[in-house]
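What follows is a single structure, written as structure tokens, with notes after it.
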Amino acid sequence: MSSVRGDVRIDARTLQEALASADPVPETDHPGYTIGDATPLAAVRPKTIDGVATALTAATRLGAAVVPWGGGTRMGLGNPPSRYDLALDMRGLSSVVEHRPEDLVVTVEAGCTMQALQDVLRDSGQYLPLDPPLPAQATVGGLLATGISGPLSTAVGTPRDQVIGMRAVLADGSIVKNGGIVVKNVTGYAMDRLYIGAMGTLAVIAEATFKVTPLPRAEATVVATFSSMNAATTVCNVVTAQGLPLMAAEVLNGAAWSQVGQSDDGNGDYTLLLRVAGRPSAVARSIDACVAACRETGVANVESLNDDASVSLWKKVTDLGWESGPPDLALRLLGTPAHSAELVALAAQESDAAVSVSPTRGVVKAYWNSDALPPDVHAYIAGLREAVTALNGTVVVESRSRLDGVDAWGPTPDSFAVMRQLKEQYDPHGILNPGRYVGGL
Ligand SMILES: Cc1cc2nc3c(=O)[nH]c(=O)nc-3n(C[C@H](O)[C@H](O)[C@H](O)COP(=O)(O)OP(=O)(O)OC[C@H]3O[C@@H](n4cnc5c(N)ncnc54)[C@H](O)[C@@H]3O)c2cc1C
């Protein structure tokens, strides 16, 4: 087997021989690394950062295109790779390297799953406030490479805000380090910030150091149903304006609420979830204030869930749409909090999407299974992009199992020239995840 890159032909045997010392994966397992209809010529699962460097050095020498592979939960994100020769499975680097509970910092290898990391932290009464979908599979490296955040970022910011150091391997095999376990701030240019959200197109993340947080002593969630999206977002705005310390806020439409296993009792079409955490007395006060704000805004039904019940509901909300593998279509609309209601209306028009929105962040997620897809998906996405762009937002296609010819990211942003420059500087031969990212980078 071989693949062609320009006028260079990459032979599977040559590539596999060059990778013999980098923990190759048996050929029979290569189909497990398929993306769309592309299966790599070779796959490696190194156990050390030096092994990652060896694999990338060989790939650069041969001009082989590399896809870094974490838990594989988001391989549908981004455009299909324009070339794909080598799967670089990072799950061989799965240790928690150092946890200093007294300093609230942890260093972890990129292939460690989020669940395994949280289990270690929990033993010391701490956690990393990032709660990706499918945490038993999703890896630290995959999470940072996608850079996407969820409901908890209302309180704690994005993954970028929580990383204080990183080790990464560049395309040519050189190992670079920024920050690390230093509690004081460091000066200098934080290159690691660039790798977060770059979808593995600039470097392979090998290790990260995070600030961690004490687990809250109590938590609770107000669950309130409203007949309109505007009423739900109004309550959210009122509660935020009162300065209540919300850990997360999300509104789900009826289809999404049913999908997280709750019955849509017909009393209201939109369910607002307000999550608070902290000392038990403070949580109780915040819950009372949230319930009062709901009652003043014509709520159809309101209740609160405590501790385990609250945690378990948010787990379902986080996994929404991905419970049993990628949905047929998943879109993320990124706008502003002020446009939340409009974005939801646009996402749900002409279709039966399950929609959830974070009104404090202006981020809408919409999911379709095959029986609910809009009749003409291409036209639907094109129309949606036009309308969302008019609101200064963007639409990202996150899952596209039956969608050819639609760009995952939409029009290139104004910053594209800088992005291309960085790509040329960090990966001059274009071997890292080629074609996956914005503008075909
Ligand atoms: C609260 C929350 C909500 C989220 N919601 C969503 C969501 O709705 N949709 C969504 O798509 N994501 C979402 N994410 C992001 C999600 O966490 C990540 O997409 C997921 O963790 C990927 O993990 P993975 O190991 O399965 O990555 P993979 O699927 O293996 O890889 C994802 C991408 O990262 C690259 N990559 C993997 N490992 C590395 C590495 N070590 N170095 C460089 N590149 C690498 C891969 O090549 C690929 O392009 C959310 C995250 C949080 C915290």
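Just so you know, ligand 1 is whichever comes first in the structure, and atom 1 is the first atom listed for that ligand.
Counting heavy atoms under 4.0 Å from ligand 1, residue Ala168 does not touch it at all. Contacts with ligand 1 closer than 4.0 Å are made by side-chain heavy atoms of Ala145 only, the backbone lying farther away. With a 4.0 Å cut-off on non-hydrogen atoms, Thr73 touches ligand 1 through its backbone as well as its side chain. Under 4.0 angstrom from ligand 1, the non-hydrogen atoms of Asn433 all belong to its side chain. Using a 4.0 Å cut-off between heavy atoms, Leu77 contacts ligand 1 through its side chain alone, with no backbone atom that close. Neither the backbone nor the side chain of Met114 comes within 4.0 Å of ligand 1, counting heavy atoms alone.
Ranked by closest heavy atom to atom 10 (C) of ligand 1, the top entry among Arg332, Arg74, Arg91, Gln137 is Arg74. For atom 43 (C) of ligand 1, the candidate residues are Ala203, Gly141, Gly70, Gly147; the nearest heavy-atom contact is made by Ala203.
Among residues two or more places apart in sequence or in another chain, the salt bridge (Lys or Arg N to Asp or Glu O under 4.0 Å) test is passed with Asp319 by Lys315.
Listed for the Asp328 side chain is a donor-acceptor partner under 3.5 Å among the backbone atoms of Ser370. Side chain of Asp407 to main chain of Trp409: a donor-acceptor pair is present (N/O by atom type, distance under 3.5 Å, no hydrogens or angles).
Residues in residues 151-168 take part in these salt bridge (charged side-chain N to carboxylate O under 4.0 Å, His left out) pairs, two or more places apart or across chains: Arg167-Glu207.
Set against the non-hydrogen atoms of Met90, the atoms of ligand 1 under 4.0 Å away are 41 (N).
In this structure, Pro133 counts as a contact residue of ligand 1, since one of its heavy atoms falls inside 4.0 Å of the ligand.
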